[in-house]
Amino acid sequence: MSNQQTTQNNDPSTNREDAKNGVKFGTGIAYDDAYGATGTSGNGDGDGEFVDSLPTAAEERAMGLDSYSSSVRERERMERNDAGRVGAHPSTMANSKMEEEDSTAREHDPFAQAREDGSGTGLVNTRISDRESAYQQRKSNRTLRQDGMSYKEAMAHAKLDKERYDLVEGARKDLLDEEGNLLEKKVQQGQQGQSQTVESKSGVEKTEDVPRRRRRRWDTQDEGQTMTTTMSSSSEKEAPVDDTAIVSDTESVAHSKKSQSRWDEDTGTNSTRRRKRWDETPVASTSVDVNATPMMNSASAVDATPMMNSNSSKWDETPLVGSASIQSTPMVGVGATPADGGRKRSRWDATPAPSGLPGAMGAATPLGGMTPGIGIGIGMSGDLTKALSLEKEMESRNRPWTDGILDAILPSEGYAILPPPSTYIPLRTPGRKLLATPTPGMNTPAGFQMNVPLEELASQGQSVNDIREAYGIPIAATSNEGAVGALPLIKPEDMQYFGRLTDGNDDEKLSKEEADERRIMTLLLKIKSGTPPQRKTAMRQITDKARSFGAGPLFAQILPLLMSPTLEDQERHLLVKVIDRVLYKLDDLVRPYVHRILAVIEPLLIDEDYYARIEGREIISNLAKAAGLPTMIATMRPDIDNPDEYVRNITSRAFAVVASALGVPALLPFLKAVCQSRKSWQARHTGIKIVQQIAVLTGCAVLPYLRELVEIVSYGLTDEQQKVRTITALTVAALAEAAYPYGVESFDPIIRSLWKGALEHHGKILAAFLKAVGFVIPLMEENYASHYTRIVMPILLREFHSPDEEMKRIVLKVIKQCVGTAGVEPEYIRQEILPEFFRNFWIRRMALDRRNHNQVIETTVELANKVGCSDIVGRIVDDLKDDSEPYRRMVMETVQQVLENLGSGDIDASLEERLIDGILYAFQEQAVDASLTGSNAFGKEGQVMLDGFGTVVNALGERCKPYLKQIAGTIKWRLNNKAPSVRMQAADLIGRIAIVMKACSEDQLMGHLGVVLYEYLGEEYPEVLGSILGALRAIVNVIGMTKMTPPISDLLPRLTPILRNRHEKVQENCIDLVGRIADRGAEFVSAKEWMRICFELLEMLKAHKKSIRRAAVSTFGYIAKAIGPQDVLHTLLNNLKVQDRQMRVCTTVAIAIVAETCGPFTVLPAVMNEYRVPELNIQNGVLKALSFMFEYIGDMAKDYIYAVSPLLEDALMDRDPVHRQTGCATVKHLSLGVAGLGCEDVLLHLLNYVWPNVFEESPHVIQAVLDAVQGLMVSLGPNVILQYVVQGLYHPARKVRESFWKVYNLLYIYASDALVMGYPSYSKLSVDGDGLDGSLSSSDCDESNSYYARTTLELFI
């Protein structure tokens, strides 16, 4: 808002104009609060307002949203006065100042950078490292004692090893033929190139051959082993040779006496002129070998680019390459000979060659126009990788399709090559090709060389996989064993882990260790980046073969993946699942790798994601069970006194997980020794923190060991180290919190030390001691709690004045805990605590921080529970008219909670008036942006005001009668507001206070509000319309149908079109209102209107929200009861024919509701007749409707069970499993409904149809069958089911036995006592030869002729 507008708003004439429209609050208010700044709102310029940096949350949201045009903004500025907005309020002025910045804020895309970085859509960044704090990122710097290096260093070495491997493989491919034999021609060319590089072009003498060892990649230049490369001239003498000089892998053993690197400068003619910085780039003449690096000579131009010399920096120029052995740009470790002056050449002096590039010979630099392949992503940044992939895509899109491409991609059979039409003339525009300038090739002094297309390299050994990869077609799986299709796409950042899978090596030529490593790599790639079927198969394979792979190879590849900086949430979850399953299989084989696993998994314990923390605990728990306690202690013991606090923190949490997994008693001796260690205070600190984490993790399960744990940490309260004393106090607090309300006797040894420490310390350590005191006091008996509260209270009162926010929160928490204890008297609280408490904490500044805000409210509510409602409300009620809106909200929230807990019994008439006046003021003075709608305008803040107003009015009850007209006037005024959020809040308030209006006999006032709401049914904003319908429903509920104004006959036709609104809030409230009218006032509306509503309700059965579907189904029942079931049932039965399953299920529920409401006899004939239609959906719908119906009608089913049994027989014998499943569900509800009503004969008949289905394998069907058997067990008795079960318990077929034992287990669990009389009697009775007469014979009494029997008479008795 400009200064001119502000002045205009404060003009007296403007105020008089505003006064005509309604009350305008807050003009000309002076502001003064704890910050000490004072300003006047009417000065016309807002620059001096100190509050202009503290807008409300609603205004902050408004600053970031799209604004209307300037004319609309101007109109809305005037509308805000009617919304209760103070025009010159500092928060309003802050909002106005931000309007110029809105356009910039709107144009800013906060997700653009995330999308550019490749982190998904940008809406949610799933990359873990991007959201980790600096503290969490310290996990990569943790040192592993076995290697002596951190994970960050280990990953760098792994990357270098990968480069070395690619280099060696490239050289091997170039120098060996397909059978593995050495190519002599290549070797001779390489030797010739080496000798030409070493030889001098200006008369340098040859040196004699001396044996030298080959230079390794990691060799360094030692004293006495210097390798000199000198600029020689005709006058120079021969230099001495070092016999121990090192040769690179690609150099020839035959060499000159001058130990000259192949990267050194070739000497030209003798010239001592100093080269200038801007000398021209030298070009090799035709007389010089192409492989030699050109050197400056005396005839050079003045401006030549200087070559490498002893004084130059390695960043001065790009080294020129002159090797002809493989024609490659040097990689790390290849030819890394020192440059001039003895300086050791860095691996950054030369550009690394891409590896794995299709068509590249060895590791050659790609020539002009050639885009690097998938293998070059190693070590590249995201931007470079993206640029290269885009370039590759554009090249492939614009490359012509040749016969070689089509032969490689398409099958050889089934396709014919068609000639082009005779009239076809290719488009030739050479001008377009000027844009694609080819890159200059290596050692091409006379021009450029275009790249050969990949498909034309097939004759040179190019594989089909390379051609497919070049065109973006997935390459085939590299391992045939268990491979599911092609390998997943390997992301560029994953190439350092999975790059070897793309080299095309034959698995049969690999050793067993290499084959296992490659197999593990393949499985991990499928788990990490594959499709769900690939992941499932790979997960099963890596689990089954874990012991054959071995723990070492598995964890050597899994753990670096988990430490990858580009890991995402889903990938981490999958890899953690791999570790979990592998641990189960490996068992004690993981012991040598416990520390490495812990170093990777322990950081999950402090992750911000709850599920990641749960997964970390699960892994460490399983690891402890597999490795055993001695191994865990031996492994983690050195980390206890680690100097890095991060390592000690996660180690303490891991020890707590181990204790919960293996039992706290097993760890107690170790903890006692650690907590009393004299060696280092870090060990004592970590040991005590382990106890704290055990208490947090196990909760009340710490009670059996509470005394021992308190005794272990008790020495820390008097430790000489302040950090140890602090963590000890926090541990005592955690133990007391976990043990509440038991275990106070365990804290007896430390109570004196605790209170003494609270009296002696200051600052943060005092906060820890106070926190411990606050948790111990609630455990005490009443007299002890009162005594110790009086001791600690002076300290708390002193700390009321502390400027530390954390200390204030702890003091508030301790006050709340002390006051809530039974032994503290209300009078003591009134005299000693309340005055200072309200003076120091009930200030505006406490309302600005949400955590302080909540803690102040909780403590105040606890004080009110002790001293009563009126004492607290009387002190804060006048603050409902405070200028600060956050402070008013804090007061309103406190009043709401106090009145909810205690009621308004002790509020006198004077306080009642002040309270009503305050809530009206606070309700009208809410800052609302008229451009926002619905919940966006108020959010949680507006909900606080609404809840508070409704709670106060409902708590006062009939005492509100004198104020209802004023409240109704405020509501009507706000219902007429231009801001939709204000209208919505006013309608919601009517719904809150309608019951109070009825209690105060204000029927006329409610009728008037009903007419007002009826006029607003044309509301355009769905959020507001939903609130209006909710208010109408509340009025209809309390006033009744006959007294309702407008009449129901006028109201319902207006609601019918609103049912088509697809907004969930509108749908739910409208259906509730229609259902209430159908239930209580159906006679006021014609049957034709009800049928119209029935058709509208059918669409509601597909609603996403369950409450809407439930309301629609209930409304069908009310309408059917009002107008008869026939028409409604006809509509519902037609609905069974649709394809949408959710619609059919909801329709069956509605049919069951109609049957319950109107009686089953009105529905059952039509439903059973519908079953005759030979269509699966309709028959299944009928069965489901019967299932729901019998569930709802209960014992009424006894009259209909005989009628439906033939239909159920057909369903239980149907070939469709869904028929049998739904039929079993119907039998279940039917049998439960008629239990004990004499229908056992038909139930036994149905059991004979249900029983054959116990062998079903579908989980849904077998569950329905077991449910039906359980229902029949209730109605027929468990012994009848037992007679069916006994037949198959010992059947020779395992599947039969499993099914019968499953049913027997159900019988045994639910009716074990009733089964006793059903077991057959056992007696050794021998039957005679024919086994018919059963006569006794004492002669043959062996086990084989034992006779088991239980007669029907015995069962009956």
Side-chain angles (χ1 to χ4, degrees), residues 576 579-595 597-599 601-602 604-606 613-641 648-677 683-716 727-728 730-740 742-747 749-750:
V576 167
I579 291 184
D580 194 15
R581 297 192 179 183
V582 164
L583 281 179
Y584 176 74
K585 285 287 186 179
L586 293 175
D587 202 34
D588 57 347
L589 296 180
V590 302
R591 287 178 181 169
Y593 308 95
V594 167
H595 186 264
I597 297 172
L598 286 175
I601 298 299
E602 281 176 348
L604 293 179
L605 299 178
I606 58 172
R613 297 197 298 272
I614 295 297
E615 285 178 340
R617 290 175 195 160
E618 187 70 22
I619 294 292
I620 295 176
S621 175
N622 293 341
L623 181 62
K625 293 171 184 174
L629 183 62
T631 304
M632 299 299 293
I633 291 179
T635 304
M636 301 167 70
R637 168 65 189 88
D639 291 334
I640 286 181
D641 53 359
R648 299 200 308 273
N649 179 22
I650 60 176
T651 301
S652 65
R653 296 170 187 270
F655 257 118
V657 176
V658 172
S660 67
L662 303 180
V664 177
L667 216 58
L668 286 178
F670 172 75
L671 289 177
K672 187 172 184 179
V674 171
C675 294
Q676 297 177 14
S677 169
R684 299 196 299 275
H685 184 278
T686 309
I688 294 170
K689 190 164 189 177
I690 292 172
V691 177
Q692 180 200 27
Q693 294 301 320
I694 289 174
V696 171
L697 195 60
T698 59
C700 62
V702 82
L703 274 171
Y705 328 107
L706 186 59
R707 183 180 295 277
E708 291 84 353
L709 292 175
V710 171
E711 182 182 352
I712 285 173
V713 303
S714 60
Y715 302 100
I727 191 63
T728 306
L730 294 175
T731 301
V732 171
L735 288 169
E737 183 179 12
Y740 179 83
Y742 309 105
V744 68
E745 61 279 353
S746 301
F747 293 94
I750 64 168

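Residue numbers run from 1 in the order of the sequence given.
From L604, atom CG reaches atom CD1 of I620 across 8.0 Å, with rounding to the nearest 0.5 Å. For the atom pair SG of C700 and OH of Y742, the computed distance is 9.5 Å after rounding to the nearest 0.5 Å. Taking OG1 from T698 and CG from L703, the interatomic distance works out to 9.0 Å, rounded to the nearest 0.5 Å.
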Could you tabulate the donor-acceptor pairs under 3.5 Å formed by side-chain atoms of residues 648-662, not counting sequence neighbours?
residue : atom : partner : partner atom : Å
R648    : NH1  : N642    : O            : 2.9
R648    : NH1  : P643    : O            : 3.3
N649    : OD1  : R653    : NE           : 3.0
N649    : OD1  : K689    : NZ           : 3.0
N649    : ND2  : Y135    : OH           : 3.0
T651    : OG1  : V647    : O            : 2.6
S652    : OG   : R648    : O            : 3.4
S652    : OG   : N649    : O            : 2.6
S660    : OG   : V657    : O            : 2.8

Throw together a table of side-chain donor-acceptor distances under 3.5 angstrom for residues 705-713, partners on residues two or more places apart or in other chains.
none

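Taking both residues in full, the closest heavy atoms of V590 and L623 are given as CG2-CD1, 3.8 Å, listed atom of the first, atom of the second, then distance. The nearest pair of heavy atoms linking P669 to P665 is CD-O, 3.6 Å. Of all heavy-atom pairs between G699 and A738, the closest is O-CB, 3.4 Å. A pairwise comparison of heavy atoms in G716 and I688 identifies CA-CD1, 4.1 Å as the closest pair. Residue A627 comes nearest to M632 through the heavy atom pair CB-SD, 4.2 Å, listed as atom of the first residue, atom of the second, then distance.
Counting heavy atoms from C-beta outward, R581 and K585 have side chains that stay 4.5 Å or more apart. Looking at heavy atoms from C-beta onward, T686 lies out of side-chain contact with V674 at the 4.5 angstrom threshold. With contacts defined as side-chain heavy-atom distances shorter than 4.5 Å, the pair V664/V702 does not qualify. For the pair R637/I640, a side-chain contact is recorded, criterion being any heavy-atom separation below 4.5 Å from C-beta on.
With sequence neighbours excluded, the residues forming a side chain to side chain contact (heavy atoms under 4.5 Å, CB included) with V744 are L779, M780, listed by chain and number. In terms of the side-chain hydrogen bond (donor to acceptor under 3.5 Å, both in side chains) criterion, residue partners of E602 (sequence neighbours excluded) are, by chain and number, R142. With sequence neighbours excluded, the residues that form a side-chain hydrogen bond (donor to acceptor under 3.5 Å, both in side chains) with E615 are H573.
Summarising the local packing, CZ of F670 is surrounded by more than 12 heavy atoms from other residues, nucleotides or ligands at distances under 6.0 Å.
Residue pairs meeting the side-chain hydrogen bond (donor to acceptor under 3.5 Å, both in side chains) criterion with at least one member in residues 616-633, sequence neighbours excluded, are D580-N622.
Within the 3.5 Å criterion, the main-chain N or O of L605 finds no donor-acceptor partner in the side chain of R613.
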*Determine, step by step, whether I694 and L671 satisfy the side-chain contact (heavy atoms from CB on, under 4.5 Å) criterion, reporting the C-alpha distance in whole Å, the side-chain angles of both residues, the deciding distance to 0.1 Å, and the verdict.*
CA-CA 11 Å; I694 289 174; L671 289 177; 4.0 Å; yes
*List the steps and the verdict of side-chain contact (heavy atoms from CB on, under 4.5 Å) for R684 and D641.*
CA-CA 8 Å; R684 299 196 299 275; D641 53 359; over 6 Å; no
